[in-house]
Amino acid sequence: MPRLKENIYSSVSRTCYGTAGMVVKIVATHGDVEIVEDQDGNRFPVSSSKLEYDQQAAIKPDTRPPPDKKGKSTPGRKNSKQAQQIQTLF
C-alpha cells in the first residue's frame, strides 16, 4: 500500500486531507493524478509524485488460482455467433 510523502491540502479551502506517512489505497488513476482513499473512507486526489510505494507490497506473490482452460465458456460472455449478430445490428 502506498504512503503519502508529504501533507496533502485542498487547493481551495486549505483543508488537510492527509498527513505524511499515512497509508492510502489507490482507487483510480487519471494521468499523473491518483484518487486515493484513507482508512476512514475519505477519497481525495494526490499527485503521483507525492506517493511512495512499499517495496514488500510490490514483491507480493500472486495467490489467485490459475484460470480454467478446459474449453468451458465463462458465464456472461456471448459466443462468437451471437457477437457477430450484434455487430451487424450496429
Side-chain angles (χ1 to χ4, degrees):
M1 298 264 248
R3 295 180 183 271
L4 299 177
K5 286 184 181 178
E6 57 188 66
N7 294 346
I8 306 298
Y9 295 98
S10 167
S11 61
V12 177
S13 64
R14 307 308 291 168
T15 306
C16 183
Y17 287 139
T19 57
M22 178 186 285
V23 176
V24 294
K25 180 174 84 172
I26 296 177
V27 178
T29 303
H30 301 286
D32 190 37
V33 176
E34 312 280 344
I35 306 300
V36 298
E37 183 176 313
D38 64 6
Q39 293 177 346
D40 297 331
N42 301 318
R43 294 183 179 186
F44 51 93
V46 178
S47 174
S48 298
S49 63
K50 295 183 180 182
L51 292 174
E52 62 183 359
Y53 295 90
D54 187 15
Q55 294 298 328
Q56 291 179 345
I59 303 173
K60 191 178 284 186
D62 187 14
T63 57
R64 294 178 292 174
D68 186 19
K69 295 183 179 181
K70 294 183 180 178
K72 297 179 182 176
S73 63
T74 56
R77 291 199 176 172
K78 303 196 180 328
N79 64 25
S80 60
K81 194 174 210 178
Q82 287 177 331
Q84 289 174 356
Q85 291 174 349
I86 291 173
Q87 287 177 350
T88 57
L89 295 175
F90 296 104

Contacts of type salt bridge (charged side-chain N to carboxylate O under 4.0 Å, His left out), residue E6, not counting sequence neighbours: K50

Qualifying residues under side-chain hydrogen bond (donor to acceptor under 3.5 Å, both in side chains), relative to E52, sequence neighbours excluded: none

Check: N42 main-chain N/O paired with D40 side-chain donor or acceptor under 3.5 Å: no

K25 atom NZ, neighbour heavy-atom count above 12 within 6.0 Å: no

Partners meeting side-chain hydrogen bond (donor to acceptor under 3.5 Å, both in side chains) with R3 (sequence neighbours left out): none

Quick one: side chains of residues 29-36, donor-acceptor pairs under 3.5 Å with protein atoms, not counting sequence neighbours, listed by atom name and distance.
| from | atom 1 | to | atom 2 | distance (Å) |
| --- | --- | --- | --- | --- |
| T29 | OG1 | E34 | OE1 | 2.8 |
| E34 | OE2 | S48 | OG | 3.0 |

Side chain to side chain donor-acceptor pair (under 3.5 Å): pairs with one or both residues in residues 12-24, sequence neighbours excluded: S10-S13, S13-T15

Closest non-hydrogen atom pair, S49 against K5: O-NZ, 3.4 Å

Trace of the side-chain contact (heavy atoms from CB on, under 4.5 Å) decision for V46 with V24: CA-CA 10 Å; V46 178; V24 294; over 6 Å; no

